[in-house]
Amino acid sequence: MLKVHDLAVHFKQKSSFALWQKSSPLRAVDGVSLEIHENETLGLVGESGCGKSTLARAIARLLTPTRGTIHFEGKDISTCPEHALGEVRAQIQMVFQDPSSSLNPRMTIEQIIAEPMVIARWNKKKIAARTAELLDLVGLNHTHLQRYPHEFSGGQKQRIVITRALALHPKLVVCDEPVSALDVSVQAQIINLLKDIQERLGVSYLFVAHDLGVVRQISQRVMVMYLGEIVESALKSDLYALPLHPYSQALLSAIPRPKPGLVRQRIILRGELPSASNPPSGCRFHQRCPSARAECAEQKPLLREVAEGHHVACHFVQ
Ligand code: SF4
């Protein structure tokens, strides 16, 4: 359904020294390829600043890519001008991290849910019928419609955001850290809701999170991103059973074990994420990698298939 090839999003930066000096662009996303199939959830993980939210926004065409293509249902949407993006925006919806800032505090819940349908010029009867259908789907009460966002908890607000995202029957919902701002118990409710919606409607998700434990609960496939690039991609079962890239191994080692007594050795990475405007040469992870060798600083590893459906960007993974 969605095919992204060699996607890059670079941001121009002003030089901090002199006006006439050019500084190198911030390479937030740098050559990412991925596919999302119908009725599938692709998890995208990586630490803050790795470019995953920028990638998500570029796929939803809230940002214009610097390079590469995005094919959605066979049509290249990467070069679509702003005025022609209406149909794309209906088909690819976004759910953001903070539900409070996604909802206009001056609008009632009914107005918020109806807004995309009003913009799409649906008539009142059709909007009312779709609103009732959506409320049942997400477990919101019809009495909630005349209330305002501040009257709801964080979990309920995220339900409202999800309801609005589903209004125009999208095929893909891009969820950018949708549960990171919520309590753990509420996180589970929202993830179960998203899974339930997928079962009933067949919608696909790109699920972005920094927490591998959260991504595990909902994804069928998982991609690990580091400094603008994908370093590992595999079926969830393969990645969690045997992560092959040293960065994925470090991320996974940070997930608490559910069974007491089972100890996993924590891998602590050295230093911070390097700057995306001046990424390290060779393997971008070499300054922090516990397995790095001399050649890692010179030669860039390619993302290659090491087992069926399992791709890794590391020179030493066979
Ligand atoms: Fe580590 Fe070298 Fe592999 Fe990069 S290529 S992940 S630095 S071992």
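Numbers for residues simply follow the sequence, beginning at 1. Being a predicted model, the structure only gives us computed values, none of them experimental. Start at 1 and go down the list; that is how both ligands and their atoms are numbered.
Interface of Ser291 with ligand 1, defined as ligand atoms under 4.0 Å from a residue heavy atom, comprises 8 (S). For ligand 1, the atoms sitting less than 4.0 Å from at least one non-hydrogen atom of His245 are 6 (S), numbered in the order shown with element in parentheses. Every atom of ligand 1 with a heavy atom of Pro246 under 4.0 Å away is listed here by number and element: 6 (S).
A salt bridge between Lys300 and Glu229 is present, with a side-chain N of the basic residue lying under 4.0 Å from a carboxylate O of the acidic one.
Of all protein heavy atoms, the one lying nearest to atom 1 (Fe) of ligand 1 is Cys289 SG, 2.4 Å. Distance from atom 2 (Fe) of ligand 1 to its nearest protein heavy atom, with residue and atom name: Cys296 SG, 2.3 Å. The nearest heavy-atom contact from the protein to atom 4 (Fe) of ligand 1 is Cys283 SG, 2.3 Å.
A distance of 6.5 Å separates CG in Leu166 from CG in Leu137, rounded to the nearest 0.5 Å.
Of the possible polar contacts, none joining the Arg147 side chain to the Ile109 backbone as a donor-acceptor pair under 3.5 Å is found. Using a distance-only test at 3.5 Å, with no hydrogens or angles considered, a donor-acceptor pair links the side chain of Gln158 to the main chain of Pro178. Under the 3.5 Å distance criterion, the side-chain polar atoms of His315 are matched with a main-chain donor or acceptor of Gln299.
Between Tyr226 and His245, the distance from one ring center to the other does not fall under 6.0 angstrom.
By the criterion of a heavy-atom distance under 4.0 Å, the side chain of Phe316, and not its backbone, is placed next to ligand 1. Residue contacts with ligand 1 for Arg293 are absent, since no atom lies close enough (heavy atoms, distance under 4.0 Å).
Taking backbone and side chain together, Cys314 holds an N, O or S atom under 2.8 Å from atom 3 (Fe) of ligand 1.
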Inset, instruction - Go through the steps for Asp183 and Ser185 under the test side-chain hydrogen bond (donor to acceptor under 3.5 Å, both in side chains), then give the verdict. - result: CA-CA 6 Å; Asp183 293 343; Ser185 59; 5.4 Å; no
